[in-house]
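Per chain, numbering begins at 1; letters A, B, ... match sequence-line order.
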Amino acid sequence: MMDGLDDNTVILSDENRKPGRSETVDLTDNSLLVDISDALSEKDKVKFTVHTKTTLPEFQKSEFLVVRQHEEFVWLHDRFEEIEEYAGYIIPPAPPRPDFDASREKLQKLGEGEGTMTKEEFNKMKQELEAEYLATFKKTVAMHEVFLCRLANHPVFRNDHNFRVFLEYDQDLCVRGKNKMEVLGGFMKSFTKTTDEFLLSATVKDVNDFFEQEKNFLIDYHLHLKDATAKGDKMTKRHKDVADSYIKISTGLVQLSSIDNSDLEKFLAKVAETFEKACKIEGRVASDEDLKLSDTLRYYMRDSFAAKRLLYRRLRCLANYENANRNLERARTKNKDVHAAELAQQQACEKFEQMSDKGKEELMDFKTRRVAAFRKNLVDLAELEIKHSKAQVQLLKNCLAALKEE
Amino acid sequence: MADSRDPPPLFNNVDIDQRDYDNEDLFTSAVEDIGVHEDGASETPKLQLSQESPSLDNVQVVKSPPALQGEPLDELEKECGDQFIQVTVTEPQKLGEGMAAYVAYKVITRTNMPIFRKRSFSVMRRFSDFLGLHDKLVEKYLRMGRIIPPAPEKSVIGMTKIKMSNQPEQGSSAEFVEKRRASLERYLNRTAAHPILGIDPDFREFLEADMELPKATNTSALSGAGVMRLFNKVGETVNKITYKMDESDPEQQWFEEKTQQIENLDTQLRKLHANVETLVLHRKDLAVLTSAFAKSAAMLSNCEEHTSLSRALSQLAEVEEKVEALHNEQANADFSVLCELLKDYIALTVAIKEVFHERVKVYQNWQHSQQMLNKKREQKAKLELSGKPDKGNQASVEVVEWEAKVERGQEEFDNISKMIKKEMERFEVSRVKDFKAIIIQYLENLMTHQQQLIKYWEAFLPEAKAIA
């Protein structure tokens, strides 16, 4: 189980993956393979084609496709959150909503500014924006896929009834009522507020040091991850802006070259070409930074939040347990309903201990996962930065050699 | 003093009267205050006149001294090939207090040109001195058809920063001073590189004279001379008759073509300049955001409980800080190398447009003289027919005068046309050279930064791999 979860989170950041090819982790376990084989972007929504291949008998067929939208993924996540039995697990965070607003805005601005630039410039910028749009698209597909894969590879979650419905039921799951979502969304928000407050103000002193430590660590860590993610995002966005301004400079140089009838004509044309290529490289740097750095931070921000939720549920469970204890004492003093109280207390105790055990495992696993993911992504990041910088150096060297020859 | 009987020439600043040329150096200002015509050499600075006028005395005044025209000019230019002069502007110092505060710069010249008294020397100059120098050069040479390198712009905001700030060494006023210093340096070197302007007496005095130059009050926006200039400019455009130039003349076509080219160049340069400015802004912003990220990563590293991951994260924070410094350097290079080059050339295209405009003015002047001549001839003919010998004589005299003016007008026009062509050739050559050199420098700079980036990330890679 641990391996499965490990490598699944690593899939997120695999640069070479095509949207739709899920890597199996544990080569011997093909019992439930889920991937997103196709995705369609339509105005406001994205439609994901979820493809399942399975040998499990619980499913009606061995291979099938359904079309799902983002809201349905969120619905699935929320179902997991609600189920008591899963309280001791870290529920994989739901994928973020597909956000093409930024791309769309840029595309619109480009359309408005069409009159002010040359045809070439317009085409180049359009290409860039389309590439950006495609990249965002691929990313959202990957995130939705990872969510499903984590569930599919989890020994307990994969058997969940709602999960099966999600994968199999070929009609729309009627979760698209916006008002419902808004209500749920509002509920969730207030939920998240109280989680932290609860955790922080827990007067219920945790017996177990491990959990006390984890609580303090996770609260802090989550905050820092949030901060780092936000700053990372801003940084990569600005990096993209730098890359984009290279295009404008390139077209400017082309125009300058075209009105020139001296040596400078060829010279400037070559420099313009170089700037165009440099733009592509810088663009790659920005998007790789986004993928390896920002996305990793973002994913673990959300995962650490899921871990916090686990702690919250456990504390609530502990509160229940303590209540049950008190009830039992009261029952004993009054000598009334003792047996019922005993039973209740026993149940509460079992539940709590189960949760604690499970919870500890999950948190250890979280750590391992996290460390592995960071390692892989930081290594990838460094390697890519080096690769791109070397490419730029080569590009510039060639350009300079060509320019100095003339 | 202009002949008061004739309607004044269309352009106040052209003194067609032969008398003054006899006394004065050709290089004295064509733009003269109306009261000064008769005084001759009064207000121009001390040194140069005494040196040049002996050679001028017996020369037909409209022709420039032989040493500075036609083939001999080329020789002079060739000579300059072995000669070298380099000017640096350094050590800006804030002097004075409050609203009277200003910045003085040290101007250091290194040269092997024999015309200078020493091989290396330095003086202190303030910004208005530079502007004053430029004005003098314009006065002397614009009419001849020279392209005068433009001086850096005045900046009210910049100067207010200087006057207001207590610590001129830091912050935005320091940035402003640095930008100005660099642009003053480029200005002087460009002027020094010109074969004629570089040895001009006013220029030499600017570089050499180890004393404060008389305050160039004419350069301040609201001075009397400034207002006069404004009036003159306005007056020039309100012509009663504009004489159209002969467009079938291939010469004229060359000028039309060039004018269009310069117009195009100006437009494209401005666009490119705006784009590079955007790049600079984005990059500077990127540096700031990278730094913010680095700090965040450092905090994350402190919080992280896994030791080797924590170490790797703190290394990441360090790398990002180094990257930030690189981004800043690159942005500064973007600006000071590329952006300023473009701005200088935009200003140069403006200077070129000015000189083309001068030529138009000279032409107008010439045509006006021609008109007057025709009128005078008619008058003379009429008077002779009507048999009034006295007035007839007077008319003859006037005809002769205007014939001379027409001749001079035509020569002036021919000369300015020739000179502009020469200057344009020179401009083209130096433009190509400048752009090539500076763009190559910029690209090399870009490459160095990328190489530095490689080093930083290569140093980080083993740290990342060491996470266990």
TODO: Check the pair A/Glu282 / B/Arg283 against salt bridge (charged side-chain N to carboxylate O under 4.0 Å, His left out), numbers first and verdict last.
DONE: CA-CA 12 Å; A/Glu282 283 289 338; B/Arg283 228 198 269 276; 5.1 Å; no
TODO: Check whether any side-chain heavy atom of B/Thr278 lies under 4.5 Å from a side-chain heavy atom of A/Ile249, and answer yes or no.
DONE: no
Open item on the list: Can you give me the closest heavy-atom contact between B/Phe460 and A/Ala382, atom names plus distance?
Closed with: CD2-CB, 3.8 Å
Task: Options B/Leu272, B/Leu286, B/Val276, ranked by heavy-atom pairs under 4.5 Å with chain A, top entry - done: B/Leu286
Task: From B/Phe293 atom CZ to A/Asp233 atom CG, the distance as rounded to the nearest 0.5 Å - done: 10.0 Å
Task: Under 4.5 Å from a heavy atom of chain A, the part of B/Leu316 involved - done: side chain
- [ ] Evaluate the ring planes of B/His327 and A/His239, with Trp represented by its six-membered ring, and classify them as parallel (under 30°), tilted (30 to 60°) or perpendicular (over 60°).
- [x] perpendicular
Task: chain B contact via A/Glu214 - side chain, backbone, both or neither, heavy atoms under 4.5 Å - done: side chain
Task: Per-residue contact mode, A/Leu223 against chain B (heavy atom under 4.5 angstrom) - done: neither
Task: chain B interface, residue from A/Arg375, A/Glu383, A/Lys231, A/Lys397 that has the most non-hydrogen pairs under 4.5 Å - done: A/Arg375
Open item on the list: Shorter than 4.5 Å, heavy atoms on both sides: which option in A/Ala230, A/Gly252, A/Gly232, A/Cys399 has the most such pairs with chain B?
Closed with: A/Gly232
Task: Gap between atom OG of A/Ser245 and atom NE2 of B/His282 - 0.5 Å precision - done: 5.5 Å
Task: Interatomic spacing from CE in A/Met235 to OG in B/Ser291 - rounded to 0.5 Å - done: 11.0 Å
TODO: Under 4.5 Å heavy-atom distance to chain B, tell me which part of A/Asp260 shows up: side chain, backbone, both or neither.
DONE: side chain
Task: pair A/Lys367-B/Leu309: side-chain heavy atoms closer than 4.5 Å - done: no
Open item on the list: Under a 4.0 Å threshold between the charged nitrogen and the carboxylate oxygen, would B/Glu304 count as salt-bridged to A/Arg370?
Closed with: yes
Open item on the list: I want to check something: taking the side chain as every heavy atom from C-beta on, are A/Phe267 and B/Ile439 in contact at a cut-off of under 4.5 Å?
Closed with: yes
TODO: Show your working on side-chain contact (heavy atoms from CB on, under 4.5 Å) between B/Glu320 and A/Leu293 and close with a plain yes or no.
DONE: CA-CA 12 Å; B/Glu320 293 288 355; A/Leu293 199 52; 4.1 Å; yes
Task: A/Lys404 bridged to B/Glu444 by N-O distance under 4.0 Å - done: yes
Task: A/Ile259 side chain reached by B/Gln268 side chain, heavy atoms, under 4.5 Å - done: yes
Task: Approximate separation, where rounding is to 0.5 Å, of A/Asp241 CG and B/Leu279 CG - done: 10.5 Å
Task: Separation between CG of A/Leu264 and NZ of B/Lys433, rounded to the nearest 0.5 Å - done: 13.0 Å
TODO: Please examine the side chains of B/Lys436 and A/Asp263, heavy atoms only from C-beta on, and report whether any two atoms are closer than 4.5 Å.
DONE: yes
Open item on the list: With a 4.5 Å cut-off on side-chain heavy atoms, are A/His224 and B/Asn302 touching?
Closed with: no
- [ ] For B/Asn275 and A/Lys248, indicate whether the former's side chain and the latter's backbone hold a donor-acceptor pair under 3.5 Å.
- [x] yes
Open item on the list: Does any part of the side chain of A/Tyr221, heavy atoms only, come nearer than 4.5 Å to the side chain of B/Leu300, both counted from C-beta?
Closed with: yes
Open item on the list: Counting heavy-atom pairs under 4.5 Å with chain A, which one of B/Leu453, B/Leu443, B/Asn264 comes out on top?
Closed with: B/Leu443
- [ ] With rounding to the nearest 0.5 Å, note down the distance linking CG in B/Leu289 to OG1 in A/Thr236.
- [x] 9.5 Å
Task: Exam field: side chain A/Arg238 to backbone B/Asp285, donor-acceptor pair closer than 3.5 Å - done: no
TODO: Could you tell me which portion of B/Lys465 (side chain, backbone, both or neither) has an atom closer than 4.5 angstrom to a non-hydrogen atom of chain A?
DONE: both
Task: Top of A/Asp227, A/Val371, A/Asp220 for chain B proximity - count of heavy-atom pairs under 4.5 angstrom - done: A/Val371
TODO: Can you tell which part of A/Leu395 gets under 4.5 Å to a heavy atom of chain B, answering side chain, backbone, both or neither?
DONE: neither
- [ ] State, yes or no, whether a side-chain contact exists between B/Gln451 and A/Leu396 at a heavy-atom distance under 4.5 Å.
- [x] no
